Amino acid sequence: DITAFVDPIDGTREFATGKGECVTILLGYNDPKGKPVAGIVYRPLTEPATWAAGAKSEGCVMGNLDKAKEPNPNGLLITDGKVSKWLDELIKEGGFDKVGSLASGNRALMLIEGKAGGYIRDTGGFAKWDTSGPEAVIEAYGGTMSKLPYFLRDGSLVSYTHLKTDS
């Protein structure tokens, strides 16, 4: 009844351009309804390698993290330094600090490590393999990964789900 999603090189562009510290390997396990329930996010090309794993329903969190010397709960991760007009205005109005980031799994680890307090992706969607493992790990560590439109509309924290298909 468990579906696994594997991303063997999350951050392929970063891997190809010599930014290996941003590359992760992702593994997520989803229940029959498509909800991520356990995951592993592994950053293999740092010295030492860093990782986090978790399963909220089991009370399981573990890892070897590169914790921020000074936690930055006011930091907001931004993608490749590119910020939409909407997000830029939100950052200014909220008084957030922009924190550059690359690759989905790396962003999840950065949040858990205290390098920023949040990440808003206001463009496109995510692939199942990019969110399954990180969502389970973030939730196990006490956070949430939620869809922005629902939150903006009515404050609901609606999680991503990844249902099994025939293909």
Side-chain angles (χ1 to χ4, degrees), residues 1-68 76-80 82 99-152 156-167:
D1 289 337
I2 293 288
T3 301
F5 286 97
V6 180
D7 189 347
I9 305 179
D10 175 58
T12 309
R13 181 181 313 117
E14 289 72 29
F15 180 75
T17 58
K19 297 177 185 139
E21 71 280 2
C22 300
V23 174
T24 55
I25 297 169
L26 307 177
L27 180 58
Y29 298 96
N30 300 347
D31 69 15
K33 293 181 180 176
K35 174 80 175 123
V37 293
I40 302 168
V41 179
Y42 176 56
R43 198 188 284 136
L45 301 177
T46 58
E47 188 57 45
T50 53
W51 61 278
K56 182 179 178 179
S57 65
E58 310 254 337
C60 174
V61 292
M62 59 181 105
N64 179 37
L65 300 169
D66 178 27
K67 291 279 197 173
L76 194 64
L77 298 177
I78 57 171
T79 304
D80 300 320
K82 299 173 191 158
V99 179
S101 65
L102 299 167
S104 297
N106 181 59
R107 285 187 195 99
L109 287 176
M110 289 177 74
L111 292 171
I112 293 166
E113 293 167 338
K115 295 174 181 172
Y119 171 62
I120 297 174
R121 183 173 179 136
D122 65 336
T123 58
F126 286 104
K128 295 173 183 179
W129 50 85
D130 284 335
T131 57
S132 177
E135 181 175 342
V137 172
I138 286 172
E139 288 184 357
Y141 275 79
T144 183
M145 184 182 288
S146 302
K147 295 181 179 181
L148 184 59
Y150 295 92
F151 181 73
L152 292 175
S156 298
L157 295 176
V158 176
S159 295
Y160 285 82
T161 56
H162 313 294
L163 297 174
K164 190 176 358 180
T165 66
D166 292 334
S167 59

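Below, all heavy atoms of this structure are taken into account, side chains as well, without hydrogens, waters or symmetry copies. This one's a predicted model, so the numbers in the text were calculated from it and none came from an experiment.
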N/O donor-acceptor pair under 3.5 Å between Tyr141 side chain and Met62 backbone: yes

Between the NZ atom in Lys56 and the CD atom in Glu135, the distance rounded to the nearest 0.5 Å is 10.5 Å

Go through the steps for Phe15 and Leu45 under the test side chain to side chain contact (heavy atoms under 4.5 Å, CB included), then give the verdict. CA-CA 9 Å; Phe15 180 75; Leu45 301 177; 3.9 Å; yes

Test log, rule side chain to side chain contact (heavy atoms under 4.5 Å, CB included), inputs Met110 and Arg43: CA-CA 11 Å; Met110 289 177 74; Arg43 198 188 284 136; 4.3 Å; yes

Residue pair Tyr119 / Thr79: nearest heavy atoms and the distance that separates them: OH-OG1, 2.9 Å

May I ask you to decide if Ala49's main-chain N or O and Asn64's side chain share a donor-acceptor pair within less than 3.5 Å? yes

Taking the side chain as every heavy atom from C-beta outward, state whether Leu65 and Thr50 have any pair of such atoms under 4.5 Å apart. no

Could you tell me which non-hydrogen atom of Cys22 sits nearest to which non-hydrogen atom of Asn106, and how far apart they are? O-CB, 3.2 Å

Please give me the minimum heavy-atom distance between Ile112 and Ala52, naming the atom from each residue. CD1-CB, 4.3 Å

Output for pair (Ile40 CD1, Tyr29 OH), nearest 0.5 Å, gives 5.5 Å

Is the closest side-chain heavy-atom distance between Trp51 and Ile25 below 4.5 Å? no

Heavy atoms of Gly105 and Val41 approach each other most closely as O-CG1, 3.4 Å

Return the CD1 to CZ distance between Ile138 and Arg107, rounded to the nearest 0.5 Å. 11.0 Å

If I take atom CG from residue Asn30 and atom NZ from residue Lys128, how far apart are they, to the nearest 0.5 angstrom? 9.0 Å

So, taking the atom named OG in Ser146 and the one named CD in Glu139, what distance separates them when rounded to the nearest 0.5 Å? 7.5 Å

Non-hydrogen atoms of Ala140 and Ala55 that approach each other most closely: CB-N, 3.6 Å

Quiz question: by atom type and distance under 3.5 Å, do the side chains of Asp10 and Thr24 form a donor-acceptor pair? yes

Any Thr46 side-chain heavy atom under 4.5 Å of Asp66 side chain: no

What's the separation between atom OG1 in Thr131 and atom CZ in Phe5, rounded to the nearest 0.5 Å? 8.0 Å

Note: Val137 and Gly39 closest approach over all heavy atoms is CG2-O, 3.3 Å

